[in-house]
Amino acid sequence: MSDIKDLSIAELGKAYRDQSLSPVEATKDALATISAHNESLCAFNTVVPEIAMERAAKAEQELMSGMDLGPMHGIPFGAKDIYDTAGILTSCQSKLRPDVIPDSNAHSVQKILDGGAVLLGKCATIEFATGGPSQETLFPPARNPWNTDHVPGGSSSGSGAAVAAGMTRMALGSDTGGSIRGPAAYCGTVGIKPTYGRVSRRGVFPLSFTMDHCGPLSWTVEDAAIALNAMAGFDPLDPASADVPVSDYTAKLSAGVKGMKIGYVVNWLDEDKNTNPEIRAALAEAMNALKAEGAIVEPITLPGHDVYHACGRMIILAECYAIHEKDLIERPELYGRPTRERLMAGAFVRGSDYVEALRMRREMTHWFNAEILGKCDMVIAPSTSLPAGRFDAQPNDPLALSGYLTVPFNVTGSPAMSVCCGYTSEGLPISMQIVGRPFDEASVFQVGAAYERATDWRSQRPRLADTDTLAAE
(Lines give C-alpha, C1' and ligand atoms only; values in the text may rest on other atoms or scores of the structure.)
Protein backbone atom coordinates (compact mmCIF):
# COMPACT_ATOMS: atom_id res chain seq x y z
CA MET A 1 0.00 0.00 0.00
CA SER A 2 1.12 3.58 -0.66
CA ASP A 3 2.00 5.85 2.23
CA ILE A 4 -1.32 6.55 3.95
CA LYS A 5 -0.93 10.30 3.58
CA ASP A 6 -0.70 9.90 -0.20
CA LEU A 7 -4.04 8.11 -0.50
CA SER A 8 -6.90 10.18 -1.87
CA ILE A 9 -10.35 10.38 -0.32
CA ALA A 10 -11.59 7.92 -2.91
CA GLU A 11 -8.67 5.54 -2.25
CA LEU A 12 -9.14 5.76 1.51
CA GLY A 13 -12.83 5.01 1.08
CA LYS A 14 -12.06 1.90 -0.98
CA ALA A 15 -9.52 0.73 1.61
CA TYR A 16 -12.01 1.24 4.43
CA ARG A 17 -14.63 -0.83 2.67
CA ASP A 18 -12.32 -3.73 1.80
CA GLN A 19 -10.93 -3.47 5.35
CA SER A 20 -7.31 -3.10 4.25
CA LEU A 21 -7.21 0.15 6.22
CA SER A 22 -9.38 1.65 8.94
CA PRO A 23 -10.48 5.20 9.79
CA VAL A 24 -8.61 4.84 13.09
CA GLU A 25 -5.35 4.06 11.28
CA ALA A 26 -5.84 6.91 8.81
CA THR A 27 -6.65 9.39 11.58
CA LYS A 28 -3.65 8.31 13.66
CA ASP A 29 -1.45 8.84 10.61
CA ALA A 30 -2.91 12.29 9.98
CA LEU A 31 -2.40 13.32 13.62
CA ALA A 32 1.17 11.98 13.53
CA THR A 33 1.90 14.02 10.40
CA ILE A 34 0.50 17.13 12.05
CA SER A 35 2.56 16.47 15.19
CA ALA A 36 5.73 16.00 13.14
CA HIS A 37 5.43 19.07 10.92
CA ASN A 38 3.08 21.64 12.42
CA GLU A 39 5.79 23.39 14.43
CA SER A 40 7.53 24.41 11.21
CA LEU A 41 4.42 24.87 9.00
CA CYS A 42 1.93 26.32 11.54
CA ALA A 43 -0.85 24.97 9.33
CA PHE A 44 -3.15 24.13 12.25
CA ASN A 45 -4.03 26.57 15.03
CA THR A 46 -5.93 24.00 17.09
CA VAL A 47 -5.73 20.20 16.90
CA VAL A 48 -8.31 18.00 18.65
CA PRO A 49 -6.82 14.49 18.77
CA GLU A 50 -9.24 13.10 21.35
CA ILE A 51 -12.31 14.25 19.42
CA ALA A 52 -10.78 13.03 16.16
CA MET A 53 -9.95 9.57 17.48
CA GLU A 54 -13.40 9.22 19.03
CA ARG A 55 -15.06 10.05 15.71
CA ALA A 56 -12.68 7.78 13.81
CA ALA A 57 -13.50 4.85 16.11
CA LYS A 58 -17.20 5.54 15.65
CA ALA A 59 -16.82 5.66 11.86
CA GLU A 60 -14.86 2.41 11.89
CA GLN A 61 -17.53 0.66 13.95
CA GLU A 62 -20.29 1.99 11.69
CA LEU A 63 -18.59 0.87 8.49
CA MET A 64 -17.84 -2.59 9.88
CA SER A 65 -21.48 -2.96 10.90
CA GLY A 66 -22.67 -2.11 7.39
CA MET A 67 -23.68 1.53 8.00
CA ASP A 68 -22.25 3.56 5.12
CA LEU A 69 -22.82 7.32 5.29
CA GLY A 70 -21.10 8.07 2.00
CA PRO A 71 -17.68 8.88 0.53
CA MET A 72 -16.60 11.16 3.41
CA HIS A 73 -17.31 8.51 6.06
CA GLY A 74 -14.19 8.21 8.23
CA ILE A 75 -12.20 10.76 6.18
CA PRO A 76 -10.03 13.21 8.19
CA PHE A 77 -10.46 16.91 7.36
CA GLY A 78 -9.61 20.36 8.69
CA ALA A 79 -11.64 23.57 8.87
CA LYS A 80 -10.37 27.10 8.41
CA ASP A 81 -10.40 28.90 11.75
CA ILE A 82 -13.33 31.11 10.79
CA TYR A 83 -15.78 28.18 10.61
CA ASP A 84 -17.81 27.63 13.77
CA THR A 85 -17.08 24.28 15.39
CA ALA A 86 -19.10 23.19 18.42
CA GLY A 87 -16.93 23.02 21.53
CA ILE A 88 -13.75 23.96 19.63
CA LEU A 89 -12.05 27.37 19.59
CA THR A 90 -12.98 29.50 16.57
CA SER A 91 -10.48 32.34 16.83
CA CYS A 92 -10.36 33.90 13.35
CA GLN A 93 -6.61 34.12 14.17
CA SER A 94 -7.40 37.23 16.24
CA LYS A 95 -6.62 38.45 19.74
CA LEU A 96 -10.19 39.73 19.79
CA ARG A 97 -11.38 36.09 19.96
CA PRO A 98 -8.97 34.10 22.18
CA ASP A 99 -11.76 32.20 23.93
CA VAL A 100 -14.68 32.06 21.46
CA ILE A 101 -16.03 28.51 21.57
CA PRO A 102 -19.26 28.13 19.57
CA ASP A 103 -22.18 26.00 20.71
CA SER A 104 -22.93 24.74 17.20
CA ASN A 105 -21.22 23.96 13.91
CA ALA A 106 -21.27 25.98 10.74
CA HIS A 107 -23.86 24.59 8.32
CA SER A 108 -21.23 23.14 5.98
CA VAL A 109 -19.22 21.61 8.82
CA GLN A 110 -22.34 19.94 10.16
CA LYS A 111 -23.18 18.51 6.74
CA ILE A 112 -19.71 17.00 6.46
CA LEU A 113 -19.84 15.61 9.99
CA ASP A 114 -23.27 14.15 9.24
CA GLY A 115 -21.52 12.21 6.49
CA GLY A 116 -19.25 10.59 9.10
CA ALA A 117 -16.09 12.63 8.48
CA VAL A 118 -13.42 13.14 11.15
CA LEU A 119 -12.53 16.72 12.14
CA LEU A 120 -8.83 17.03 12.99
CA GLY A 121 -8.87 20.68 14.06
CA LYS A 122 -8.80 24.29 12.87
CA CYS A 123 -6.47 25.49 10.13
CA ALA A 124 -4.59 28.78 10.25
CA THR A 125 -5.89 31.79 8.40
CA ILE A 126 -5.10 35.45 7.94
CA GLU A 127 -6.72 37.45 10.76
CA PHE A 128 -10.44 37.74 9.97
CA ALA A 129 -9.54 36.50 6.47
CA THR A 130 -8.08 39.87 5.40
CA GLY A 131 -4.84 41.82 5.55
CA GLY A 132 -1.67 39.74 5.41
CA PRO A 133 0.56 37.38 7.40
CA SER A 134 1.43 38.90 10.76
CA GLN A 135 3.24 37.96 13.94
CA GLU A 136 0.85 40.23 15.87
CA THR A 137 -2.06 37.80 15.68
CA LEU A 138 -3.23 35.11 18.11
CA PHE A 139 -1.38 32.37 16.20
CA PRO A 140 1.68 32.58 13.91
CA PRO A 141 1.09 32.61 10.15
CA ALA A 142 1.16 29.37 8.20
CA ARG A 143 4.13 28.61 5.96
CA ASN A 144 4.44 27.10 2.52
CA PRO A 145 5.38 23.38 2.57
CA TRP A 146 7.31 23.72 -0.69
CA ASN A 147 9.61 26.30 0.92
CA THR A 148 8.89 27.68 4.36
CA ASP A 149 10.58 30.98 3.51
CA HIS A 150 7.56 31.60 1.24
CA VAL A 151 3.95 32.44 2.05
CA PRO A 152 1.25 29.81 1.44
CA GLY A 153 -1.25 32.43 0.27
CA GLY A 154 -4.13 33.97 2.13
CA SER A 155 -6.46 33.73 3.76
CA SER A 156 -7.08 29.96 3.65
CA SER A 157 -3.34 29.64 4.17
CA GLY A 158 -3.38 26.87 6.73
CA SER A 159 -5.86 24.85 4.68
CA GLY A 160 -3.61 24.99 1.61
CA ALA A 161 -0.48 24.17 3.59
CA ALA A 162 -2.14 21.30 5.48
CA VAL A 163 -3.42 19.62 2.32
CA ALA A 164 -0.12 20.02 0.46
CA ALA A 165 1.81 18.60 3.42
CA GLY A 166 -0.44 15.55 3.64
CA MET A 167 -1.74 16.47 7.08
CA THR A 168 -5.31 16.17 5.84
CA ARG A 169 -7.10 14.98 2.71
CA MET A 170 -9.34 18.03 2.60
CA ALA A 171 -9.68 21.34 4.39
CA LEU A 172 -12.43 23.94 4.27
CA GLY A 173 -11.61 27.42 3.06
CA SER A 174 -13.38 30.65 2.16
CA ASP A 175 -12.93 32.85 -0.88
CA THR A 176 -13.84 36.56 -1.03
CA GLY A 177 -11.21 37.72 -3.50
CA GLY A 178 -9.34 34.48 -4.08
CA SER A 179 -8.65 33.00 -0.67
CA ILE A 180 -9.36 29.41 -1.68
CA ARG A 181 -7.80 29.57 -5.14
CA GLY A 182 -4.77 31.64 -4.08
CA PRO A 183 -3.54 29.25 -1.37
CA ALA A 184 -4.36 26.35 -3.70
CA ALA A 185 -2.17 27.99 -6.35
CA TYR A 186 0.72 28.80 -4.02
CA CYS A 187 0.63 25.38 -2.33
CA GLY A 188 -0.01 23.31 -5.47
CA THR A 189 -3.36 21.89 -4.40
CA VAL A 190 -6.85 21.92 -5.87
CA GLY A 191 -9.20 24.62 -4.59
CA ILE A 192 -12.80 25.12 -5.73
CA LYS A 193 -14.80 28.30 -5.22
CA PRO A 194 -18.36 27.17 -6.03
CA THR A 195 -21.05 29.36 -7.51
CA TYR A 196 -22.17 32.16 -5.19
CA GLY A 197 -24.92 30.67 -3.00
CA ARG A 198 -24.00 27.04 -3.71
CA VAL A 199 -22.60 26.44 -0.18
CA SER A 200 -24.10 28.01 2.93
CA ARG A 201 -21.98 30.59 4.74
CA ARG A 202 -23.99 30.33 7.95
CA GLY A 203 -21.65 29.90 10.88
CA VAL A 204 -18.64 31.22 8.95
CA PHE A 205 -17.33 34.60 10.14
CA PRO A 206 -18.13 37.03 7.30
CA LEU A 207 -15.79 39.33 5.44
CA SER A 208 -18.08 40.55 2.66
CA PHE A 209 -21.71 39.47 2.48
CA THR A 210 -21.77 40.10 -1.26
CA MET A 211 -18.51 38.35 -2.18
CA ASP A 212 -17.96 35.52 0.36
CA HIS A 213 -17.90 31.93 -0.92
CA CYS A 214 -17.11 28.69 0.94
CA GLY A 215 -15.50 25.58 -0.52
CA PRO A 216 -12.88 22.85 -0.10
CA LEU A 217 -9.17 22.52 -0.82
CA SER A 218 -7.85 19.03 -1.62
CA TRP A 219 -5.00 17.26 -3.39
CA THR A 220 -6.98 15.96 -6.37
CA VAL A 221 -9.93 17.11 -8.45
CA GLU A 222 -11.86 13.98 -7.55
CA ASP A 223 -11.39 14.67 -3.84
CA ALA A 224 -12.64 18.24 -4.32
CA ALA A 225 -15.73 16.90 -6.09
CA ILE A 226 -16.41 14.43 -3.27
CA ALA A 227 -15.96 17.15 -0.65
CA LEU A 228 -18.21 19.63 -2.44
CA ASN A 229 -20.90 16.97 -2.73
CA ALA A 230 -20.79 16.67 1.04
CA MET A 231 -21.09 20.38 1.84
CA ALA A 232 -23.22 21.88 -0.94
CA GLY A 233 -26.94 22.46 -0.63
CA PHE A 234 -29.68 24.95 0.12
CA ASP A 235 -29.80 26.52 3.57
CA PRO A 236 -32.97 28.56 4.22
CA LEU A 237 -31.20 30.33 7.10
CA ASP A 238 -28.52 31.82 4.82
CA PRO A 239 -30.12 34.69 2.88
CA ALA A 240 -27.66 34.23 0.01
CA SER A 241 -28.15 30.46 -0.27
CA ALA A 242 -29.49 29.32 -3.65
CA ASP A 243 -32.33 26.81 -3.78
CA VAL A 244 -30.81 24.89 -6.69
CA PRO A 245 -30.55 21.08 -6.76
CA VAL A 246 -27.10 19.61 -6.09
CA SER A 247 -25.86 17.29 -8.81
CA ASP A 248 -23.33 14.51 -8.33
CA TYR A 249 -20.07 16.33 -8.95
CA THR A 250 -18.21 13.07 -9.55
CA ALA A 251 -20.52 11.95 -12.38
CA LYS A 252 -18.54 13.56 -15.24
CA LEU A 253 -15.00 13.08 -13.97
CA SER A 254 -14.16 10.52 -16.66
CA ALA A 255 -16.01 12.23 -19.51
CA GLY A 256 -12.95 13.98 -20.97
CA VAL A 257 -12.86 17.24 -22.92
CA LYS A 258 -13.06 16.09 -26.53
CA GLY A 259 -15.00 18.69 -28.54
CA MET A 260 -15.32 21.05 -25.59
CA LYS A 261 -14.75 24.72 -26.47
CA ILE A 262 -12.46 26.43 -23.97
CA GLY A 263 -11.69 30.14 -23.94
CA TYR A 264 -8.23 30.98 -22.60
CA VAL A 265 -7.87 34.47 -21.07
CA VAL A 266 -4.73 35.91 -22.67
CA ASN A 267 -4.68 39.54 -21.57
CA TRP A 268 -4.31 39.43 -17.78
CA LEU A 269 -0.70 38.20 -17.73
CA ASP A 270 0.18 40.81 -20.34
CA GLU A 271 -1.25 43.58 -18.16
CA ASP A 272 1.13 42.83 -15.27
CA LYS A 273 4.67 43.96 -16.10
CA ASN A 274 5.95 41.75 -13.27
CA THR A 275 4.42 38.52 -14.61
CA ASN A 276 6.74 35.56 -14.07
CA PRO A 277 7.62 34.14 -17.51
CA GLU A 278 7.55 30.58 -16.16
CA ILE A 279 3.87 31.03 -15.36
CA ARG A 280 3.18 32.19 -18.91
CA ALA A 281 5.01 29.14 -20.30
CA ALA A 282 3.24 26.71 -17.95
CA LEU A 283 -0.20 28.01 -18.96
CA ALA A 284 0.70 27.66 -22.64
CA GLU A 285 1.75 24.04 -22.05
CA ALA A 286 -1.49 23.39 -20.15
CA MET A 287 -3.50 24.62 -23.13
CA ASN A 288 -1.49 22.31 -25.39
CA ALA A 289 -2.28 19.39 -23.07
CA LEU A 290 -6.01 20.13 -23.27
CA LYS A 291 -5.81 20.44 -27.06
CA ALA A 292 -4.12 17.04 -27.16
CA GLU A 293 -7.10 15.67 -25.22
CA GLY A 294 -9.43 16.96 -27.93
CA ALA A 295 -10.51 20.32 -26.53
CA ILE A 296 -10.89 23.34 -28.81
CA VAL A 297 -8.88 26.09 -27.10
CA GLU A 298 -9.22 29.65 -28.33
CA PRO A 299 -7.77 32.89 -26.94
CA ILE A 300 -10.25 35.35 -25.43
CA THR A 301 -9.93 38.83 -23.95
CA LEU A 302 -11.81 39.91 -20.83
CA PRO A 303 -11.99 43.39 -19.31
CA GLY A 304 -8.77 44.34 -17.56
CA HIS A 305 -8.13 42.63 -14.25
CA ASP A 306 -7.78 46.07 -12.65
CA VAL A 307 -11.40 46.84 -13.57
CA TYR A 308 -12.67 43.71 -11.84
CA HIS A 309 -10.34 44.35 -8.91
CA ALA A 310 -11.57 47.92 -8.42
CA CYS A 311 -15.18 46.76 -8.47
CA GLY A 312 -14.63 43.89 -6.06
CA ARG A 313 -12.34 45.79 -3.71
CA MET A 314 -14.84 48.65 -3.34
CA ILE A 315 -17.55 46.21 -2.29
CA ILE A 316 -15.29 44.26 0.06
CA LEU A 317 -13.88 47.34 1.80
CA ALA A 318 -17.29 48.84 2.47
CA GLU A 319 -18.80 45.61 3.76
CA CYS A 320 -15.88 44.46 5.92
CA TYR A 321 -15.74 47.88 7.58
CA ALA A 322 -19.43 47.63 8.41
CA ILE A 323 -18.79 44.25 10.07
CA HIS A 324 -15.81 45.47 12.11
CA GLU A 325 -16.66 49.13 12.79
CA LYS A 326 -17.50 48.71 16.49
CA ASP A 327 -14.31 46.81 17.33
CA LEU A 328 -12.17 49.13 15.21
CA ILE A 329 -13.44 52.06 17.26
CA GLU A 330 -13.37 50.41 20.69
CA ARG A 331 -10.47 47.89 20.48
CA PRO A 332 -8.25 48.74 17.50
CA GLU A 333 -5.06 47.72 19.32
CA LEU A 334 -6.14 44.06 19.35
CA TYR A 335 -5.99 43.80 15.55
CA GLY A 336 -2.73 43.01 13.79
CA ARG A 337 -1.52 45.98 11.77
CA PRO A 338 -2.18 44.56 8.26
CA THR A 339 -5.75 43.66 9.17
CA ARG A 340 -6.47 46.87 11.05
CA GLU A 341 -5.21 49.10 8.24
CA ARG A 342 -7.07 47.22 5.53
CA LEU A 343 -10.33 47.27 7.50
CA MET A 344 -10.00 50.97 8.34
CA ALA A 345 -9.69 51.83 4.65
CA GLY A 346 -13.35 50.90 4.32
CA ALA A 347 -14.33 53.93 6.38
CA PHE A 348 -13.43 56.12 3.40
CA VAL A 349 -15.67 54.36 0.87
CA ARG A 350 -18.55 56.65 -0.10
CA GLY A 351 -22.06 55.29 -0.35
CA SER A 352 -22.27 56.37 -3.99
CA ASP A 353 -19.06 54.46 -4.82
CA TYR A 354 -20.41 51.33 -3.14
CA VAL A 355 -23.70 51.52 -5.03
CA GLU A 356 -21.87 52.10 -8.31
CA ALA A 357 -19.69 49.04 -7.64
CA LEU A 358 -22.78 46.89 -7.02
CA ARG A 359 -24.31 48.13 -10.28
CA MET A 360 -21.09 47.45 -12.12
CA ARG A 361 -20.94 43.95 -10.66
CA ARG A 362 -24.36 43.09 -12.07
CA GLU A 363 -23.43 44.38 -15.52
CA MET A 364 -20.10 42.50 -15.61
CA THR A 365 -21.72 39.29 -14.41
CA HIS A 366 -24.47 39.46 -17.02
CA TRP A 367 -21.96 40.20 -19.79
CA PHE A 368 -19.61 37.37 -18.76
CA ASN A 369 -22.38 34.76 -18.59
CA ALA A 370 -24.10 35.87 -21.81
CA GLU A 371 -21.22 36.91 -24.05
CA ILE A 372 -18.35 34.69 -22.91
CA LEU A 373 -19.98 31.58 -21.49
CA GLY A 374 -22.65 31.87 -24.18
CA LYS A 375 -19.91 31.11 -26.72
CA CYS A 376 -17.49 28.95 -24.68
CA ASP A 377 -18.19 25.82 -22.66
CA MET A 378 -15.49 26.79 -20.18
CA VAL A 379 -12.98 29.55 -19.46
CA ILE A 380 -9.40 29.08 -18.28
CA ALA A 381 -7.33 31.87 -16.76
CA PRO A 382 -4.08 32.06 -14.78
CA SER A 383 -4.60 31.94 -11.01
CA THR A 384 -1.69 34.26 -10.27
CA SER A 385 0.89 36.27 -12.18
CA LEU A 386 3.60 35.38 -9.65
CA PRO A 387 4.55 32.32 -7.60
CA ALA A 388 4.41 32.46 -3.81
CA GLY A 389 6.42 35.37 -2.46
CA ARG A 390 8.90 35.35 0.40
CA PHE A 391 7.84 36.37 3.89
CA ASP A 392 10.69 38.90 4.03
CA ALA A 393 9.49 40.54 0.80
CA GLN A 394 5.85 41.12 1.73
CA PRO A 395 4.68 44.71 1.07
CA ASN A 396 3.96 46.99 4.01
CA ASP A 397 0.92 48.40 2.22
CA PRO A 398 -2.09 46.26 3.27
CA LEU A 399 -3.91 47.23 0.05
CA ALA A 400 -1.06 46.22 -2.24
CA LEU A 401 -1.91 43.77 -5.03
CA SER A 402 -0.84 40.19 -4.31
CA GLY A 403 -0.43 38.83 -7.81
CA TYR A 404 -3.73 36.97 -7.52
CA LEU A 405 -5.90 37.02 -10.67
CA THR A 406 -8.89 35.57 -8.88
CA VAL A 407 -11.21 38.42 -7.88
CA PRO A 408 -12.99 38.63 -11.29
CA PHE A 409 -14.83 35.40 -10.53
CA ASN A 410 -15.84 36.60 -7.08
CA VAL A 411 -17.36 39.58 -8.86
CA THR A 412 -19.24 37.32 -11.29
CA GLY A 413 -19.95 34.63 -8.67
CA SER A 414 -18.86 31.96 -11.15
CA PRO A 415 -17.64 28.50 -10.09
CA ALA A 416 -13.84 28.63 -10.38
CA MET A 417 -11.22 26.05 -9.47
CA SER A 418 -7.45 26.32 -9.20
CA VAL A 419 -5.46 23.28 -10.33
CA CYS A 420 -1.70 22.86 -10.37
CA CYS A 421 -0.18 23.12 -13.85
CA GLY A 422 3.55 23.04 -13.13
CA TYR A 423 6.39 24.30 -10.98
CA THR A 424 8.92 27.09 -11.29
CA SER A 425 12.64 26.41 -11.56
CA GLU A 426 12.75 27.08 -7.80
CA GLY A 427 10.18 24.35 -7.17
CA LEU A 428 7.20 26.59 -6.38
CA PRO A 429 3.76 25.60 -7.74
CA ILE A 430 2.04 27.23 -10.71
CA SER A 431 -1.74 27.08 -11.15
CA MET A 432 -4.57 27.86 -13.53
CA GLN A 433 -8.26 28.58 -12.94
CA ILE A 434 -11.04 26.61 -14.62
CA VAL A 435 -14.25 28.65 -14.71
CA GLY A 436 -17.73 27.46 -15.61
CA ARG A 437 -21.35 28.51 -15.91
CA PRO A 438 -23.39 29.20 -12.76
CA PHE A 439 -24.11 26.00 -10.81
CA ASP A 440 -22.25 23.87 -13.36
CA GLU A 441 -19.44 22.82 -11.03
CA ALA A 442 -19.67 19.32 -12.52
CA SER A 443 -18.23 20.55 -15.83
CA VAL A 444 -15.47 22.43 -14.02
CA PHE A 445 -14.49 19.17 -12.32
CA GLN A 446 -14.76 17.38 -15.68
CA VAL A 447 -12.11 19.63 -17.24
CA GLY A 448 -9.90 19.52 -14.16
CA ALA A 449 -9.98 15.74 -14.01
CA ALA A 450 -9.14 15.44 -17.72
CA TYR A 451 -6.16 17.74 -17.23
CA GLU A 452 -4.95 15.77 -14.20
CA ARG A 453 -5.06 12.52 -16.17
CA ALA A 454 -3.06 14.10 -18.99
CA THR A 455 -0.26 15.35 -16.70
CA ASP A 456 1.78 14.04 -13.78
CA TRP A 457 1.81 17.04 -11.45
CA ARG A 458 -0.13 15.14 -8.75
CA SER A 459 2.79 12.74 -8.32
CA GLN A 460 4.95 15.52 -6.84
CA ARG A 461 4.72 16.34 -3.13
CA PRO A 462 6.69 18.76 -0.93
CA ARG A 463 9.75 17.20 0.67
CA LEU A 464 8.89 18.05 4.25
CA ALA A 465 12.15 16.73 5.65
CA ASP A 466 13.88 19.60 3.82
CA THR A 467 11.79 22.22 5.57
CA ASP A 468 11.27 20.94 9.11
CA THR A 469 14.51 22.42 10.43
CA LEU A 470 13.15 25.96 10.14
CA ALA A 471 12.21 27.25 13.58
CA ALA A 472 8.92 29.10 13.85
CA GLU A 473 9.63 32.81 13.92
Side-chain angles (χ1 to χ4, degrees), residues 38 42-48 78-109 119 121-143 151-159 161 171-177 179 183 201-212 214 313 315-349 391 394 396-399 472-473:
N38 200 52
C42 303
F44 276 85
N45 289 343
T46 302
V47 185
V48 289
K80 183 176 180 177
D81 201 3
I82 64 171
Y83 280 74
D84 281 354
T85 43
I88 302 170
L89 177 66
T90 301
S91 76
C92 299
Q93 201 93 0
S94 179
K95 292 177 181 178
L96 279 85
R97 295 168 59 92
D99 52 7
V100 175
I101 300 178
D103 295 325
S104 59
N105 293 308
H107 182 267
S108 51
V109 171
L119 179 63
K122 307 300 284 294
C123 296
T125 179
I126 301 300
E127 185 181 22
F128 290 114
T130 191
S134 172
Q135 295 293 339
E136 302 173 36
T137 52
L138 187 63
F139 295 97
R143 292 181 174 271
V151 298
S155 62
S156 305
S157 49
S159 296
L172 301 180
S174 65
D175 193 314
T176 305
S179 293
R201 292 129 4 130
R202 177 161 59 94
V204 181
F205 198 95
L207 177 61
S208 167
F209 303 112
T210 305
M211 302 277 280
D212 288 348
C214 296
R313 182 55 60 193
I315 294 169
I316 295 169
L317 285 175
E319 294 184 354
C320 70
Y321 180 77
I323 292 164
H324 288 273
E325 182 178 36
K326 186 174 186 295
D327 283 329
L328 284 169
I329 292 171
E330 297 178 356
R331 304 188 291 172
E333 73 283 357
L334 294 182
Y335 289 94
R337 182 193 62 81
T339 303
R340 180 175 60 248
E341 292 184 0
R342 179 172 287 192
L343 292 173
M344 289 176 65
F348 300 95
V349 176
F391 274 95
Q394 293 303 294
N396 288 324
D397 179 2
L399 296 179
E473 292 184 0

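Scope of the values below: all heavy atoms of this structure, side chains included, with no hydrogens, waters or symmetry mates.
Residues satisfying the side-chain contact (heavy atoms from CB on, under 4.5 Å) criterion with Pro332, sequence neighbours excluded, are Arg340. Under the side-chain hydrogen bond (donor to acceptor under 3.5 Å, both in side chains) criterion, Tyr335 pairs with His324, not counting sequence neighbours. Residues meeting the side-chain hydrogen bond (donor to acceptor under 3.5 Å, both in side chains) test with Glu333, sequence neighbours left out: none. With sequence neighbours excluded, the residues forming a side-chain hydrogen bond (donor to acceptor under 3.5 Å, both in side chains) with Ser208 are Glu319, listed by chain and number. Legend: residues meeting side-chain hydrogen bond (donor to acceptor under 3.5 Å, both in side chains) with Thr176, ordered by chain and number and at least two apart, are Asp212. Take Arg202 and apply the salt bridge (Lys or Arg N to Asp or Glu O under 4.0 Å) test, not counting sequence neighbours, and it matches Asp235. In this structure, the side-chain contact (heavy atoms from CB on, under 4.5 Å) partners of Phe139, at least two apart in sequence or on a different chain, are Asn45, Thr46, Asp81, Leu89, Ser91, Gln93. The side-chain contact (heavy atoms from CB on, under 4.5 Å) check on Val47 picks up Leu31, Ile34, Phe44, Pro49, with sequence neighbours excluded. For Ala142, the side-chain contact (heavy atoms from CB on, under 4.5 Å) test picks out Ala124, Pro152, Ser157, with sequence neighbours left out.
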(message) Let's go through Leu334 and Asp327 carefully: what are the C-alpha distance in whole Å and the side-chain angles of both, what is the deciding distance for side-chain contact (heavy atoms from CB on, under 4.5 Å) to 0.1 Å, and is it a yes or a no?
(response) CA-CA 9 Å; Leu334 294 182; Asp327 283 329; over 6 Å; no
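For the atom pair CG (Leu317) and CG (Leu207), the distance works out to 9.0 Å, reported to the nearest 0.5 Å.
Of all heavy-atom pairs between Cys320 and Leu343, the closest is SG-CD2, 3.6 Å.
The list of side chain to side chain donor-acceptor pair (under 3.5 Å) pairs with a residue in residues 94-105, not counting sequence neighbours, reads Ser94-Glu127, Asn105-Gln110.
Neither side chain, Ser159 nor Lys80, offers a donor N or O lying under 3.5 Å from an acceptor on the other.
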